[in-house]
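Input: a single structure, listed below in structure tokens.
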Amino acid sequence: PAEPAARRALPLRAALSVLAVVIAAALPLVLPLFQVTLLVNVIIFAIVAVGLVLLTGILGLTSFGQAAFMGVGAYTTALLTTQAGWSPWLTLLAGFAVTGVIALILGLVTLRMQGHYLPLATIAWGISLYYTFGNTPALGGFTGLTDIPPIGVFGAALTSPRHFAYLALIALGLTGLGAQFLLSSRTGRALRALRGGPVVAEAFGVNPFALKVQVFALSALMASLAG
């Protein structure tokens, strides 16, 4: 039977998960500094990929504008830390708020589109936000902002890529666990049903459009976290 087989596979999955955590924790210590910097960049973009797994892999919607949401989160943090003197942890919440509002507005406008019109729309507003960032003097233009203070944990500034790698790994782990819990919930089953078509989802009492907007906003928040 499938259920006993799944139960027997649980110890193996747990052992592989523990091994993956140990390897990930050891890599920032043993790799050269340049490769650790590359590892941090990979982890950051992996956070964005988790959101795309929900949006594209599960829901079947295509978005080419996730980089714009990264920019919204990054610029919100940079402005508030450099010009208002906020703590980076508070600016993280502010970035979520700004990104969430923008994602809801764009989602309500574009997610009603079908076929190839949706990807084209995401490309359009992604490019428009890129040029908005680059042509705004307050945002530093295309050269960006400088003198951004490092994030601190318990009073210690994470100035080394080796230290920052662990913060990025924790963020990726929490994002991945959150996505897994979501997919294992009733909402996750509704997401899989929606991929089969709106009629299938509506038969289970799901509002297809509202669910699409919610997942779109959630994937945007993950991109904002990466930014």
Side-chain angles (χ1 to χ4, degrees), residues 12-57 63 65-100 103 126 130 133 139-140 143-183 218-227:
L12 177 59
R13 292 179 181 177
L16 291 176
S17 299
V18 172
L19 179 61
V21 171
V22 172
I23 293 175
L27 285 178
L29 297 176
V30 300
L31 291 177
L33 190 60
F34 176 73
Q35 294 184 11
V36 173
T37 303
L38 293 180
L39 176 64
V40 171
N41 291 328
V42 170
I43 295 171
I44 290 174
F45 285 104
I47 297 175
V48 183
V50 173
L52 286 174
V53 167
L54 298 176
L55 185 65
T56 305
S63 174
Q66 299 303 102
F69 295 132
M70 288 184 67
V72 172
Y75 275 110
T76 301
T77 298
L79 282 175
L80 293 178
T81 53
T82 57
Q83 299 185 14
W86 284 31
S87 166
W89 295 106
L90 291 178
T91 62
L92 176 64
L93 301 178
F96 283 160
V98 176
T99 305
Y130 167 76
F133 295 148
L139 300 180
T143 58
L145 296 170
T146 57
D147 299 326
I148 300 175
I151 193 170
V153 178
F154 300 113
L158 303 182
T159 56
S160 171
R162 298 188 189 278
H163 299 155
F164 192 82
Y166 289 104
L167 179 62
L169 283 170
I170 292 173
L172 176 59
L174 293 177
T175 304
L177 283 176
Q180 183 61 44
F181 289 148
L182 175 63
L183 294 176
L218 178 60
S219 67
L221 293 179
M222 292 181 181
S224 177
L225 173 63

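Owing to the predicted nature of the structure, the values given are computational and were not obtained by experimental measurement.
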Residues in ring pair (Phe, Tyr, Trp, His ring centres under 6.0 Å) contact with Phe45, at least two apart in sequence or another chain: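 Phe45: no ring pair (Phe, Tyr, Trp, His ring centres under 6.0 Å) contacts found.
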
I need the minimum non-hydrogen distance between [X] and [Y], along with the two atoms involved.
{"X": "Arg162", "Y": "Leu33", "result": "NH2-N, 3.5 Å"}
{"X": "Ala220", "Y": "Thr99", "result": "O-CG2, 3.6 Å"}
{"X": "Ala223", "Y": "Val48", "result": "CA-CG2, 4.1 Å"}
{"X": "Ala94", "Y": "Leu80", "result": "CB-CD1, 3.6 Å"}
{"X": "Ile47", "Y": "Ala168", "result": "CD1-O, 4.4 Å"}

Pairs flagged by side-chain hydrogen bond (donor to acceptor under 3.5 Å, both in side chains) wherever residues 66-84 is involved - sequence neighbours left out: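 Qualifying pairs: Ser63-Gln66.
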
Counterpart residues, side chain to side chain contact (heavy atoms under 4.5 Å, CB included), relative to [X] (two or more places apart):
{"X": "Ala68", "value": "Trp125, Leu129"}
{"X": "Thr56", "value": "Leu52"}
{"X": "Ala74", "value": "none"}
{"X": "Leu29", "value": "Tyr166"}

Quick one: [atom1] on [X] to [atom2] on [Y], what's the gap to the nearest 0.5 Å?
{"X": "Phe164", "Y": "Ile43", "atom1": "CZ", "atom2": "CD1", "result": "9.5 Å"}
{"X": "Leu183", "Y": "Leu54", "atom1": "CG", "atom2": "CG", "result": "5.5 Å"}
{"X": "Leu225", "Y": "Phe96", "atom1": "CG", "atom2": "CZ", "result": "4.5 Å"}
{"X": "Ile170", "Y": "Thr175", "atom1": "CD1", "atom2": "OG1", "result": "11.5 Å"}

Pairwise side-chain contact, Leu79 with Thr91, heavy-atom cut-off 4.5 Å (strictly under):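 Leu79 does not reach Thr91 side chain to side chain.
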
